[in-house]
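Structure first, then comments.
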Amino acid sequence: MGSARVIFDRWDGRYAARMAGVRSSAVRDLFAAASRPDVISLSGGMPDVRRVPHDAVTRATRDAMRHDGPSALQYGGSEGRAALRQIIVGLMGESGVRLGPDDLIVTAGAQQGLDLLARVFLDPGDVVIAEGPTYVGALQAFSVYQPDIHCVPMDEGGMRIDLLEAELRRLGPRGAKFIYTIPNFQNPAGVTLVPERRRRLLELARTYDIPVVEDDPYGRLRYEGGHILPLRALDADVIYLGTFSKILAPGLRLGWMAAPRPILARVLLAKQAADLCGSAFSQSVAEHYMTGTGWRRVLADLTSTYGARRDAMLDALSEFFPADVTWTHPEGGFFVWVTLPAHLDTKALLAEAVQHGVTFVPGSDFFPDGRGGNCMRLAFCYESPEQITEGVRRLAEVCEDKLELYRAFVAAGAVPAAARVEEGALR
Ligand SMILES: Cc1ncc(COP(=O)(O)O)c(C=O)c1O
């Protein structure tokens, strides 16, 4: 913050027009501020890899070299190594999804899956339906291909399927290219799509013949409540994106896409154009790491660690924030979505928050059209419970002045009641 430099770009006129709509994400821009030791980061959704035993990764790497040396160092098939795909089949089976190794490909994280889907499905002006707010990385990946992204609001039960239906009806025969959803512990809202809505969403997708993309990086990080079947378990036509980033480490850049075979064939062509094949080395390390039961103990430790941090955040929000601020109650994942009264602007609050030693991501980053200006995303995945409590306390201090002013305006009748709720809110 305060260190923004204007860089003259003499190649400015040379770039493809499609790059004009691609925004940088505040999460990335905040990286420098969030890395300062005196700043408590409630912004980045970084898994706590400090809790992944480095010995176990070293052992897996040694085993990869010992057992797979030449193949791990070589180019591999673009669909990914057979052994890793078999492991993914097992993981999906545990979540209730039955498929075979040929129903999926390995990708460089779920993020590559998003980019590849955008490449094979989107022409400029095509409509994509997503939740509002939605994952910044998806907005970024899609926007390169210049679609028109329509956001469907959510509440504590996930995407409002009644509003989705209305949107599909409004779009009529023009339709949408696909519906993008993060049903479990949504990024950024933290909410989960309830089972009845999952069924209804799939019915609508069938009726309107629109593919559904289910992005599920957090599904195994549940801290309360029971497992809910993924959309892909209910309908084999769903395109499912999974990742090792949250159960192992994002540094390996490994994820997967399960999809109907004709779609996978197109995606594979796009993947070959992008990278020939994924890293055989990373895949081999993951195969050896995921052999045996050690990884399950690590995942259990991560889950209880994140659960305690979530509790600390929810407790601190109740303790420090007043009644005119609301927030979601995530049953898993990394994020809480906080809604301030409508006219408050969290982007403007951010610089002050950094000065007070705490970061968050402003809500408008999670909408294609800048809505959600009175909201913010708080991440509880990386800091200790004590730091989270202190971070929320600092944030409440920053907000308090603005809230005081807001209340004075309301008391004076200067803020009309209708302006107090905005679409970014989840109530
Ligand atoms: C909803 C969502 N999708 C995809 C990703 C990308 O994950 P990966 O590291 O697998 O590329 C993330 C990462 O935070 C995410 O939150």
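Both ligands and their constituent atoms are indexed starting at 1 by order of listing. Fair warning: this is a prediction, and the values are worked out from it, not measured in the lab.
- Between Tyr180 and Phe142, the distance from one ring center to the other falls under 6.0 angstrom.
- With hydrogens and angles left out, the side-chain atoms of Thr181 and Glu131 include a donor and acceptor closer than 3.5 Å.
- Side-chain polar atoms of Asn184 and Arg222 form no donor-acceptor pair below 3.5 angstrom.
- Listed by chain and number, the residues in a side-chain contact (heavy atoms from CB on, under 4.5 Å) with Asp48 are Arg50, Arg51, Tyr306, Arg309, Tyr382 (sequence neighbours excluded).
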Write out each pair where an N or O from ligand 1 and one from the protein are under 3.5 Å apart, with the distance.
residue	atom	partner	partner atom	Å
ligand 1	3 (N)	Asp215	OD1	3.4
ligand 1	3 (N)	Asp215	OD2	2.5
ligand 1	9 (O)	Ser245	OG	2.6
ligand 1	9 (O)	Arg253	NH1	2.9
ligand 1	10 (O)	Ala110	N	2.7
ligand 1	10 (O)	Thr243	OG1	2.5
ligand 1	10 (O)	Ser245	OG	3.3
ligand 1	11 (O)	Ala110	N	3.2
ligand 1	11 (O)	Gln111	N	3.0
ligand 1	11 (O)	Arg253	NH2	2.9
ligand 1	14 (O)	Tyr218	OH	3.3
ligand 1	14 (O)	Lys246	NZ	3.1
ligand 1	16 (O)	Asn187	ND2	2.8
ligand 1	16 (O)	Tyr218	OH	2.6

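- Sorted by first and then second residue, the salt bridge (Lys or Arg N to Asp or Glu O under 4.0 Å) pairs with a member in residues 384-397 read Glu390-Arg393, Glu390-Arg394, Arg393-Glu397; sequence neighbours excluded.
- Residue pairs meeting the ring pair (Phe, Tyr, Trp, His ring centres under 6.0 Å) criterion with at least one member in residues 184-228, sequence neighbours excluded, are Tyr218-Phe334, Tyr218-Phe335.
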